[in-house]
Protein chains: 2
Amino acid sequence: MMQDSNNKSLSAYQQSYEALRDMILTGTIKQGTKLVEEKLATELGVSRTPIRESIRKLEQEGLIVNKRVVKLSETDLRNTFELRKLLEGHGARSAAAYMSEQEYLALERCVKIGRSGSLEAIMEANKEFHEIIMRASNNTLMIDLFDRMQSVIYLFRQTVVYHNRPFLIDEHQKICEAIGAHDGDTAEQLMKEHLQADLDFCLHQIR
Amino acid sequence: MMQDSNNKSLSAYQQSYEALRDMILTGTIKQGTKLVEEKLATELGVSRTPIRESIRKLEQEGLIVNKRVVKLSETDLRNTFELRKLLEGHGARSAAAYMSEQEYLALERCVKIGRSGSLEAIMEANKEFHEIIMRASNNTLMIDLFDRMQSVIYLFRQTVVYHNRPFLIDEHQKICEAIGAHDGDTAEQLMKEHLQADLDFCLHQIR
DNA sequence: ACTGATTATATTGTATACAAAAATAAATTA
DNA sequence: TAATTTATTTTTGTATACAATATAATCAGT
């Protein structure tokens with residue numbers, strides 16, 4: 001009757017995928033936990049079949065490794081940000097060259113919200129900022145990859161008190177300006193520095 | 001008794017994954033074909049369960065889209081090479097900075113075989129050349145990604161008469177030299193140019 | 001002949017049973 | 001007691017049945 005809040009004819013697989021992912025992302029299941037198909041199945045009220053598929057999917061997103069919830073290491077963090085620097089650096093360069101006026105306005109809006117919005121709105125706008133730039137790469141392969149990395153990035157953020165990361169909006173603004181000036185070199189460079197600063201901030205907090 | 005040549009206690013999933021992948025890569029199943037689980041299952045002598053998992057895996061490698069064998073477009077080709085340029089460019093830069101003497105010798109050997117080996121050996125050495133450099137990135141995330149891209153790259157190659165691509169070994173040698181000289185900028189630059197040349201060669205043949 | 005509804009068919013999604021393998025606990029021996 | 005075997009239990013892999021959905025075919029009515 002009310003065991004699932006949103007039971008609205010989504011496939012069992014989709015439901016259990018999302019449920020499991022959220023349980024991992026929110027820390028309800030904590031890192032390193034062994035996942036047992038049958039246990040999850042009864043817990044989520046479905047059979048093992050959709051659970052299995054969910055696990056496979058989450059494995060390829062990097063949230064599950066070897067039937068265990070991933071334990072993110074410092075190396076994982078570094079590797080992830082190194083890849084982000086490549087992808088988003090490229091995205092920023094492309095944005096400087098090809099971004100539409102409309103998308104650029106949306107980008108500016110993200111910066112503005114970053115300065116004036118509620119905490120919730122700020123977090124959302126900052127995420128959107130990176131998504132818009134990534135879209136400008138116009139490379140679905142990279143965009144899909146970027147999307148798949150979001151879960152792991154989110155999971156890292158859970159470990160870190162992130163909302164007061166200094167200069168974040170200033171950095172976004174600089175990137176935005178470089179894109180507006182169609183200066184690809186600078187945009188790429190600034191994006192890489194921005195992500196490096198992010199990484200350093202995370203690393204600093206972890207230790 | 002002899003329906004499978006290599007029946008050596010590999011899991012049904014592993015067997016069917018490899019069989020299906022090879023069928024796609026060799027063109028036995030041609031691009032755009034709708035894949036039906038049950039048909040494949042009886043064909044490969046297993047149940048639908050491992051077939052399903054194989055299909056999922058191949059979907060995430062990009063060989064299957066929507067239960068159909070992918071039809072690689074020119075855009076796919078461009079997108080793939082754009083990503084390769086980022087990854088392998090970075091790999092080359094890292095190689096110039098950090099590659100071990102042993103790995104470097106292996107790299108040189110690949111170039112040498114490229115000049116003197118049999119056609120088969122040359123193809124293999126050229127593939128190895130890129131793998132060695134990618135390993136030097138020392139970033140498992142990128143290396144895994146690179147590995148997963150190989151199937152699609154291979155499939156592209158099937159469309160193209162590739163063995164006589166001009167200057168290929170010369171380009172490899174230049175890259176190798178830049179790595180040996182610990183010149184990261186040049187190594188990255190040359191790798192990107194090399195891949196661009198590869199892309200152009202493919203595009204030229206396709207049309 | 002074309003369009004839309006209706007039926008039939010094919011295909012996938014999900015549950016479940018059972019066998020194979022892995023992990024754990026118990027028992028034996030040195 | 002520690003190490004090694006042998007049972008026992010848990011967990012996963014695979015096959016299969018059935019239900020839900022999507023696809024194709026048939027048939028009416030215009």
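Keep in mind that this is a model prediction, so the values were computed, not measured. In what follows, chains are A, B, ... by sequence order, proteins preceding strands, each numbered from 1.
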>> Any side-chain N or O of B/Lys67 below 4.0 angstrom from OP1/OP2 of C/dA10?
In response: no
>> Over all strands shown, is A/Leu35 touching base, sugar-phosphate only, or nothing at heavy-atom distances under 4.0 angstrom?
In response: sugar-phosphate
> Separation of B/Lys39 atom NZ from C/dT12 atom P, in whole Å?
Replying inline: 10 Å
> Of all the nucleotides listed (D/dT11, D/dG13, D/dT14), which has the minimum atom distance to the side chain of A/Glu37?
Replying inline: D/dG13
> Which pairs, with at least one residue in residues 101-136 of chain B and sequence neighbours excluded, count as a ring pair (Phe, Tyr, Trp, His ring centres under 6.0 Å)?
Replying inline: B/Phe129-B/His172, B/His130-B/His172, B/His130-B/His194
> Less than 4.0 Å between a side-chain N and a carboxylate O, is that true for A/Arg135 and A/Glu131?
Replying inline: no
> What does A/Ser11 touch in the nucleic acid at a heavy-atom separation under 4.0 angstrom: a base, only the sugar-phosphate, or nothing?
Replying inline: sugar-phosphate
> What integer distance in Å separates A/Ile51:CD1 from C/dA15:P?
Replying inline: 9 Å
> Rounded to whole angstrom units, what separation is found between the CD atom of B/Glu53 and the C1' atom of D/dG13?
Replying inline: 8 Å
> Over how many whole Å does the gap from A/Arg48 atom CZ to D/dT16 atom P extend?
Replying inline: 16 Å
>> side-chain contact (heavy atoms from CB on, under 4.5 Å) for A/Cys110 and A/Asn126? Distances and angles first, verdict last.
In response: CA-CA 7 Å; A/Cys110 289; A/Asn126 289 346; over 6 Å; no
>> Looking at B/Ser47, I'd like to know whether one of its side-chain N or O atoms comes within less than 4.0 Å of OP1 or OP2 on D/dA15.
In response: yes
> Atom CG of A/Leu44 and atom P of C/dT14: how far apart are they, to the nearest Å?
Replying inline: 13 Å
>> Both B/Thr49 and B/Val36 contact DNA chain C. Taking the nearest nucleotide for each, which residue is further toward the 5' end?
In response: B/Val36
> If you take all heavy atoms of A/Asp198 and A/Phe81, which pair is closest and at what distance?
Replying inline: CB-CE2, 3.7 Å
> Is a salt bridge present between A/Arg21 and A/Glu18, judged by a nitrogen-to-oxygen distance below 4.0 Å?
Replying inline: no
>> As a test of reading the structure: which of D/dT14, C/dG13, D/dT11 is closest to the side chain of A/Lys34, going by heavy atoms?
In response: D/dT11
> Separation of B/Leu10 atom CG from C/dA21 atom C1', in whole Å?
Replying inline: 15 Å
>> Using whole Å, what does the distance between atom C1' of nucleotide D/dT23 and atom CZ of B/Arg68 come to?
In response: 11 Å
> For the pair made of CD in B/Glu38 and P in D/dT21, what is the distance, rounded to whole Å?
Replying inline: 19 Å
